[in-house]
Asks: 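First the structure, which I've put down as structure tokens, then a few questions once you've had a look.
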Amino acid sequence: MKEIPKKYDHRSVEEQWRRQWEESGLYRWDPERPRDESFVVDSPPLTVSGSLHVGHAFSYTHQDLLVRYRRMQGLNIAYPMGWDDNGLPTERRVQNVFGVRPNPKLPYDPAWRPRRDKKKDEGVEEISRLNFVEACSVLTEGDEEAFAESWRQLGLSVDWALSYATIDPHCRRISQLSFLDLFRKGKVYQSFAPTMWDVDLRTAVAQAEVEDRDRKGAFHDLRFAVDGGGEVVISTTRPELLGACIAVVAHPDDGRYSDFFGKTAVTPLFHSPVPILPAEHADPEKGTGILMVCTFGDVMDVEYWKRSGMAHKQLVGADGRMMEVDYGSSPFGSREPELARRSWADLAGLTVVQARRKIVEMLAAPDSAVGGGGPAMVGEPKPTEHAVKFYEKGDRPLEFLPTRQWFIRILDAKQELIAQGRKIAWHPPHMRTRYEHWVEGLNQDWCVSRQRYSGVPFPIWYPLDDQGAPDYEHPLVAAGESLPLDPLSEPPPGYSEAQRDQPGGFSGDPDVMDTWATSSLTPQIISGWPDDPERHAKLFPMDLRPQSHEIIRTWAFYTIVKAWMHEGQIPWRHVTISGWVVDPDRKKMSKSKGNVLTPGKIFEEYSADAYRYWAARNRFGTDTVFDTQVVKVGKRLSVKLFNASRFVLMQLDRVGADYARVPVEDIASPLDLSFVSELRTLVARASEAFESFDYAMPLQSSEELFWQFCDDFLELVKVRSYSEEDTPERRSATATLHLGLETFIRLFAPFLPYVTEEIWSWRFARGEGPSASVHRASWPSVEETVSVVEPEQRESFAVASDLLRQIRGAKTREKRSLRWPVAALQVSGPEEARAALDPVLDDVLRAGVAEEATIEIVDGPAPVEGRFAVEASLAEEPSS
RNA sequence: AGGCGCUUAGCUCAGCUGGUUAGAGCGCUACCUUCACACGGUAGAGGUCAGCGGUUCGAGUCCGCUAGCGCCUACCA
């Protein structure tokens with residue numbers, strides 16, 4: 001028999017089991033077993049950048065709790081780990097670390113390798129997109145290993161054989177196959193239209209990645225002359241777009257302006273005639289009630305412009321600077337081309353903010369109004385605060401730029417997508433409301449193309465005409481079997497590489513897909529759709545999608561979109577939403593705020609089990625403050641588990657217990673039956689809670705009964721189990737201790753995988769390899785104890801605990817040690833309590849060191865606290 | 001501006017379909033060097049369950065309103 005260690009050293013124990021689990025393949029998914037014996041998790045691919053913080057470990061712990069419960073139910077677990085290494089954070093780091101920059105025009109160089117040892121004076125090397133993508137992989141591989149190590153420390157029961165990275169060839173293939181499938185189904189289209197654009201990253205972005213930020217701005221009241229006399233004063237926060245004004249509009253019912261409808265206004269500085277028109281979106285309460293429509297200041301402008309069919313005047317360039325425009329040739333219909341040209345000359349090349357400052361000066365100049373009647377701007381700008389759209393990772397406001405982009409048709413599918421959402425169980429349920437809000441509020445199709453490099457390219461080329469102009473209407477589509485491919489390195493079928501970018505030849509699509517276009521396919525990536533239909537059927541739809549709430553509108557939403565478009569399916573049956581870990585000010589913890597705690601230190605000081613305990617105490621959907629105090633409680637629990645187990649097992653060893661077989665039939669003493677009755681209730685409730693994806697309640701209830709087990713039951717049963725003779729009472733005690741401990745260890749196994757495994761290995765483990773693990777042991781069930789009868793007095797254990805506590809209380813008040821004997825005991829209480837006490841009185845007296853005392857038990861009312869009123873007089877002398 | 005969620009002891013949180021005097025842990029105070037455990041144990045103090053109104057024999061629990069906090073969506077001239 002294995003020797004039981006005297007002290008619990010979590011560092012060495014956790015490290016030892018981590019290694020052992022990995023070697024034994026404990027967490028392997030078995031591809032042979034059928035779907036209905038499986039539990040499949042669509043775990044979140046982690047963005048590989050920087051380091052792990054407590055927030056990551058928080059939500060991953062939640063997944064693992066559910067997974068470990070299902071595994072103990074005997075299910076075949078598919079629990080993969082993904083890495084999201086697409087995207088901008090990686091691009092930036094690759095540029096810095098390797099001194100390279102992607103140039104999409106360059107062909108792929110298979111011999112090229114990234115070098116970290118570059119000197120500064122070597123300059124920046126330009127490489128092909130695919131080489132750049134490879135450099136990204138090289139960089140992220142090291143990070144992934146570090147992350148994986150942290151996950152192993154945390155005790156995640158991931159099957160590492162199921163790992164994937166969103167940039168690896170398999171993911172690129174699935175992602176491109178998805179695009180082709182949607183292309184064939186007519187679910188994607190290309191459009192040249194005003195799109196939200198980040199001027200720093202120089203790429204289009206999707207609605208889901210846009211956030212509003214409150215920014216200070218100002219209303220500028222500008223005088224527009226009106227043909228035939230008079231003027232209107234429009235109010236704008238974006239005077240720099242004055243040159244792009246295409247119309248002036250007011251609400252149709254606004255009497256102040258109705259006389260002007262149909263007339264022509266003339267813009268100051270640029271002298272462009274623009275129509276004055278009624279428009280529903282104008283709010284009479286705001287500004288002066290009359291406004292200019294520009295191409296493009298905001299979404300309303302885009303909408304209005306689309307409906308109006310008017311000309312388009314683009315002033316802001318892709319880099320966020322005012323474009324060079326030849327105003328002299330009057331492309332915008334200025335009546336004073338020379339004045340317009342001069343005005344523009346001062347603005348061209350400036351950033352939006354600089355241009356705004358400059359044009360305000362110009363508009364404030366005397367005689368800047370049309371016709372020279374004083375300044376064009378009335379008074380000073382009036383400060384205001386307004387919401388401005390930003391890319392969520394961006395630094396400057398988004399602009400609307402007309403560009404060619406790929407879109408997925410989601411707008412006309414809102415109802416179906418809401419219906420799909422209702423087929424999925426959300427935990428907590430109100431998170432579905434967020435999903436529905438988002439879907440209902442969609443106003444654009446999903447823009448999936450990005451003008452970036454690190455990402456999955458579109459498997460598309462365009463034929464070029466004799467002038468070398470691409471024919472976007474008839475793209476050349478890659479064959480499925482050729483994927484993944486890079487259209488910038490490989491020619492389309494029927495063409496040769498020499499024809500690239502030549503008249504009569506072809507051009508590859510230069511863009512990459514939105515990173516969500518790939519991560520929305522995590523279920524298919526894991527299942528192998530559509531290449532491996534058999535495997536796909538075993539893994540899809542999945543059981544569980546764990547994630548956090550800020551990505552409901554992206555990850556959850558897009559995954560539902562893809563599953564629906566590809567197969568008319570839901571991607572998973574359950575979604576669990578973990579909250580955020582916030583700092584004490586209730587702000588989300590994030591690296592940029594510098595308030596991040598590293599899990600590594602916590603594992604080292606308090607153990608991974610203790611960290612998991614803290615995470616498990618927090619329910620799905622609730623944000624929480626990281627609390628070291630609670631981690632300490634977790635550590636205390638695991639140490640207590642260790643010590644109590646050690647004590648119980650030494651006791652069982654002494655009487656030669658049979659660990660192979662739980663002799664539950666031996667359980668016969670009233671106290672033991674009463675305790676088993678409570679244990680049975682706990683097991684039933686904990687299992688029920690886990691079934692409904694609640695892990696916090698099982699932990700709390702198990703913990704509660706476990707402390708009673710230690711504080712009271714062990715004390716009550718101690719003397720009886722010490723008995724030298726093999727009596728039925730001793731056998732009952734032995735069997736109950738065995739059953740209780742074995743049950744607690746299994747109940748705690750999902751939460752505290754290390755310490756429970758350690759204890760399990762001392763006496764309970766059977767056989768070799770994975771099956772010896774507590775994590776493959778069966779989850780406790782009430783069936784295990786069917787042969788144990790219900791006690792005549794169910795309350796006996798509770799009543800005994802109560803009396804024991806009161807005896808202890810008396811000793812504490814007298815400032816005596818708990819071993820101090822009691823001389824006389826008077827107990828008064830109602831009939832029921834006395835009846836429950838009667839069969840276990842001897843156990844209590846032995847545990848309370850009152851065996852020799854005079855006992856008097858009388859009828860009496862139930863006291864305010866507890867079940868009995870107890871008078872205990874202590875002995876004069878301590879026991880020998 | 002609409003919606004969702006939260007508000008219970010100093011702190012972190014339990015309280016299921018309404019039912020006897022509101023629970024736990026931490027922290028605090030006092031005590032116990034106890035033969036599994038000082039990475040311990042025992043006991044104690046501490047709450048008008050955010051506020052107001054309603055339903056009910058009975059409300060922390062159900063309904064309405066108000067306030068504060070957090071989030072989602074919208075507003076962007």
Side-chain angles (χ1 to χ4, degrees), chain A residues 4 6-10 212-215 217 219-220 234-238 241 248-249 279 281-283 286-294 297-301 304 384-389 397 428 430-438 440-441 443 549-550 552-553 579-580 582 584 586-588 606-607 610 614 617-619 621-630 632-633 635-651 685 688-689 696-697 700-701 703-704 707 710-711 714 718 805-806 808-820 862-865:
Chain A
I4 299 175
K6 198 153 169 44
K7 284 270 177 192
Y8 185 49
D9 174 15
H10 70 260
D212 289 346
R213 295 181 199 163
D214 284 331
R215 283 291 175 271
F219 278 115
H220 304 74
I234 66 104
S235 227
T236 181
T237 56
R238 299 205 61 182
L241 295 177
V248 168
V249 299
H281 76 269
D283 177 359
K286 219 163 176 181
T288 56
I290 187 161
L291 60 129
M292 64 175 186
V293 176
C294 308
D298 60 37
V299 193
M300 296 313 297
D301 286 349
Y304 188 87
T384 178
E385 187 143 304
H386 58 152
V388 179
K389 286 194 187 307
H430 69 255
M431 288 298 175
R432 198 185 67 200
T433 314
R434 288 205 187 183
Y435 170 79
E436 294 189 0
H437 276 165
W438 174 252
E440 282 160 7
N443 56 31
H549 44 67
E550 82 277 15
I552 289 175
R553 67 180 191 171
W580 283 339
V582 294
R586 292 272 159 191
K587 297 285 182 304
K588 188 189 175 188
Y606 302 104
S607 80
W614 165 76
R617 285 256 305 231
N618 294 283
R619 297 171 138 73
T622 55
D623 293 350
T624 186
V625 176
F626 183 75
D627 187 352
T628 318
Q629 296 296 348
V630 177
K632 282 185 189 165
V633 176
K635 185 176 180 185
R636 200 167 66 108
L637 175 63
S638 55
V639 170
K640 189 75 176 179
L641 209 49
F642 180 95
N643 286 317
S645 302
R646 185 167 169 273
F647 168 66
V648 168
L649 293 176
M650 288 185 331
Q651 200 78 324
R685 292 184 58 215
E688 202 182 305
M697 184 258 144
Q700 194 188 325
S701 308
E703 198 183 355
E704 231 163 72
W707 282 100
C710 294
D711 293 349
L714 290 186
K718 218 177 217 175
R805 270 161 208 278
Q806 298 222 39
R808 283 182 198 137
K811 291 178 184 176
T812 301
R813 276 190 298 279
E814 296 293 321
K815 304 193 175 180
R816 299 295 190 196
S817 98
L818 294 180
R819 278 203 304 171
W820 200 280
V864 174
E865 290 206 9

Asks: Over all heavy atoms of both residues, which pair between A:K811 and A:L818 is shortest? Give the atoms and the distance, please.
Replies: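 Taking A:K811 first and A:L818 second, the nearest heavy atoms are NZ-O, 2.9 Å.
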Asks: Starting at the 5' end of RNA chain B, which residue's closest nucleotide do you reach first, A:A282 or A:E704?
Replies: A:E704
Asks: Starting from C1' on B:A43, measure out to CZ on A:R805 and report it in whole angstrom.
Replies: 10 Å
Asks: Who are the side chain to side chain donor-acceptor pair (under 3.5 Å) partners of A:R805, not counting sequence neighbours?
Replies: A:D712
Asks: Considering only side-chain heavy atoms of A:A387, which listed nucleotide, B:A36, B:C75, B:C32, is closest?
Replies: B:C75
Asks: Of A:D212 and A:R685, whose closest RNA chain B nucleotide lies nearer the 5' terminus?
Replies: A:R685
Asks: In whole Å, I'd like the distance from the CD1 atom of A:I4 to the P atom of B:C37.
Replies: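 To the nearest whole Å, that distance equals 13 Å.
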Asks: Near A:E688 CD, under 6.0 Å, is it more than 12 heavy atoms from other residues, nucleotides or ligands?
Replies: no
Asks: Of all the choices, B:A14, B:C39, B:C37, which nucleotide is nearest to the side chain of A:K640 once you look at every atom?
Replies: B:C37
Asks: Parallel, tilted or perpendicular for A:H549 and A:W580, by the 30°/60° rule?
Replies: tilted
Asks: Taking atom C1' of B:G25 as reference, at what distance in whole Å does atom CD of A:Q700 sit?
Replies: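 Roughly 9 Å, once rounded to whole Å.
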Asks: What is the distance from CG of A:N618 to P of B:C11, rounded to the nearest Å?
Replies: 17 Å
Asks: Of the nucleotides B:A14, B:C32, B:C71, which has the atom closest to the A:S817 side chain?
Replies: B:C32
Asks: Under 4.0 Å from OP1 or OP2 of B:G40: is there any side-chain N or O of A:R646 that close?
Replies: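 For A:R646, the contact criterion (side-chain N or O under 4.0 Å from OP1 or OP2 of B:G40) is not met.
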Asks: With P as the reference atom in both, quote the distance from B:G44 to B:A24 in angstrom, rounded to an integer.
Replies: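 Here B:G44 and B:A24 have their P atoms 10 Å from each other.
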Asks: When we call it a touch if two heavy atoms are under 4.0 Å apart, what does A:G441 touch: a base, just sugar-phosphate, or nothing?
Replies: sugar-phosphate
Asks: Give a yes/no on whether any side-chain N or O of A:K7 is located under 4.0 angstrom from OP1 or OP2 of B:A38.
Replies: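 So the side chain of A:K7 is within the cut-off, an N or O lying under 4.0 Å from OP1 or OP2 of B:A38.
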Asks: Please enumerate all protein N or O atoms sitting under 3.5 Å from an N or O of nucleotides 26-28 of chain B, with distances to 0.1 Å.
Replies:
unit_1: B:C26; atom_1: OP1; unit_2: A:R636; atom_2: NH2; d: 3.0
unit_1: B:C26; atom_1: O2'; unit_2: A:Q629; atom_2: OE1; d: 3.2

Asks: Please list, chain by chain and in numerical order, all residues satisfying side chain to side chain contact (heavy atoms under 4.5 Å, CB included) with A:R636, sequence neighbours excluded.
Replies: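 If we apply the side chain to side chain contact (heavy atoms under 4.5 Å, CB included) test to A:R636, skipping adjacent residues, the hits are A:W707.
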Asks: Which pairs, protein N/O on one side and nucleotides 2-7 of chain B N/O on the other, fall under 3.5 Å?
Replies:
unit_1: B:G3; atom_1: O2'; unit_2: A:H437; atom_2: NE2; d: 3.1

Asks: Using the P atom in both, what is the distance from B:G64 to B:G25, to the nearest Å?
Replies: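 To the nearest whole Å, 36 Å.
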Asks: For nucleotides B:C6 and B:A50, find the distance between their P atoms and express it as a whole number of Å.
Replies: 12 Å
Asks: Can you confirm whether more than 12 heavy atoms, excluding those of A:R685, are under 6.0 Å from its CZ atom?
Replies: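 No, CZ of A:R685 has 12 or fewer neighbouring heavy atoms, counting only those of other groups under 6.0 Å.
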Asks: Could you go through A:R646 and A:K6, starting from their C-alpha distance and side-chain angles, then the distance that decides it, and tell me whether this counts as side-chain contact (heavy atoms from CB on, under 4.5 Å)?
Replies: CA-CA 8 Å; A:R646 185 167 169 273; A:K6 198 153 169 44; 3.4 Å; yes
Asks: Mind checking the P distance from B:U61 to B:A22? Whole angstroms is fine.
Replies: 14 Å
Asks: Tell me whether the side-chain N/O atoms of A:T624 come closer than 4.0 Å to OP1 or OP2 in B:C13.
Replies: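 So the side-chain polar atoms of A:T624 do come within 4.0 Å of the phosphate oxygens OP1 or OP2 of B:C13, strictly under.
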Asks: How would you label the contact of A:F642 with the nucleic acid (heavy atoms, under 4.0 Å): base, sugar-phosphate, or nothing?
Replies: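 No contact.
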Asks: Can you tell me how far C1' in B:G60 sits from the matching atom in B:G19, rounded to whole Å?
Replies: 13 Å
Asks: For B:C37 versus B:U20, give the span between their C1' atoms, rounded off to a whole number of Å.
Replies: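 Between the two C1' atoms, the distance is 38 Å.
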Asks: Between B:U55 and B:G2, how far apart are the two P atoms, rounded to whole Å?
Replies: 29 Å
Asks: Excluding sequence neighbours, so at least two apart, what forms side chain to side chain contact (heavy atoms under 4.5 Å, CB included) with A:R617?
Replies: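 So A:R617 forms a side chain to side chain contact (heavy atoms under 4.5 Å, CB included) with A:Y613, A:V630, A:L699.
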Asks: When you get a sec, tell me which of B:G41, B:A36, B:A43 is the closest nucleotide to the side chain of A:C710?
Replies: B:A36
Asks: Run the ring pair (Phe, Tyr, Trp, His ring centres under 6.0 Å) test against A:F642 and tell me which residues pass, sequence neighbours left out.
Replies: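 For A:F642 the ring pair (Phe, Tyr, Trp, His ring centres under 6.0 Å) partners, ignoring immediate neighbours, are A:Y8, A:W762.
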Asks: If you measure from the C1' atom in B:C49 to the same atom in B:C62, how many Å do you get, rounded?
Replies: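 Result for the C1' pair: 16 Å, nearest Å.
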Asks: In this structure, how many angstroms lie between the C1' atom of B:G23 and the CD atom of A:E703, rounded?
Replies: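 After rounding, the gap between these two atoms is 14 Å.
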Asks: Strictly below 4.0 Å: does A:R553 bring a side-chain N or O up to OP1 or OP2 of B:U73?
Replies: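 Answer is yes, contact under 4.0 Å.
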Asks: Nearest of B:A36, B:C39, B:G41 to any side-chain atom of A:N643?
Replies: B:A36
Asks: Between A:D711 (CG) and B:A24 (P), how many Å, whole number?
Replies: 13 Å
Asks: What residues form a ring pair (Phe, Tyr, Trp, His ring centres under 6.0 Å) with A:H386, not counting sequence neighbours?
Replies: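 Expected list: none.
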Asks: Could you pull out all residues at least two apart from A:F219 that satisfy ring pair (Phe, Tyr, Trp, His ring centres under 6.0 Å)?
Replies: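 None.
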Asks: Taking only the side-chain heavy atoms of A:K635 (C-beta and beyond), determine which of B:A36, B:C39, B:G41 contains the nearest atom.
Replies: B:C39
Asks: In whole Å, I'd like the distance from the CH2 atom of A:W707 to the P atom of B:A36.
Replies: 16 Å
Asks: Quick one: A:M697 CE to B:G23 C1', roughly how many Å, whole number?
Replies: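 Checked: the CE to C1' distance equals 14 Å.
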Asks: Under the side chain to side chain donor-acceptor pair (under 3.5 Å) test, which residues partner A:R816, sequence neighbours left out?
Replies: none
Asks: What stems, by residue range, does RNA chain B take part in, given at least 3 consecutive Watson-Crick or G-U pairs under 3.5 Å?
Replies: B:1-7 with B:67-73, B:10-13 with B:23-26, B:28-32 with B:40-44, B:50-54 with B:62-66
Asks: Would you mind telling me which of B:G70, B:C31, B:U42 lies closest to the side-chain atoms of A:D623?
Replies: B:G70
Asks: Closest approach to the side chain of A:R619, judged atom by atom: which nucleotide of B:U73, B:G15, B:A43 is it?
Replies: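 Within the option list, the nearest is B:G15.
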Asks: Give the minimum heavy-atom separation between A:L241 and A:G297, together with the two atoms involved.
Replies: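 Taking every non-hydrogen atom into account, CD1-CA, 3.6 Å.
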Asks: What residues form a side chain to side chain donor-acceptor pair (under 3.5 Å) with A:D283, not counting sequence neighbours?
Replies: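 Scan of A:D283 (side chain to side chain donor-acceptor pair (under 3.5 Å), adjacent residues dropped) gives none.
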Asks: Taking any heavy-atom pair under 4.0 Å as a contact, classify A:W614: base, sugar-phosphate, or nothing.
Replies: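 Here A:W614 touches no strand at all.
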Asks: Report the residues that fulfil side chain to side chain donor-acceptor pair (under 3.5 Å) with A:N618, sequence neighbours left out, ordered by chain and then residue number.
Replies: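 Applying side chain to side chain donor-acceptor pair (under 3.5 Å) to A:N618 gives A:T624.
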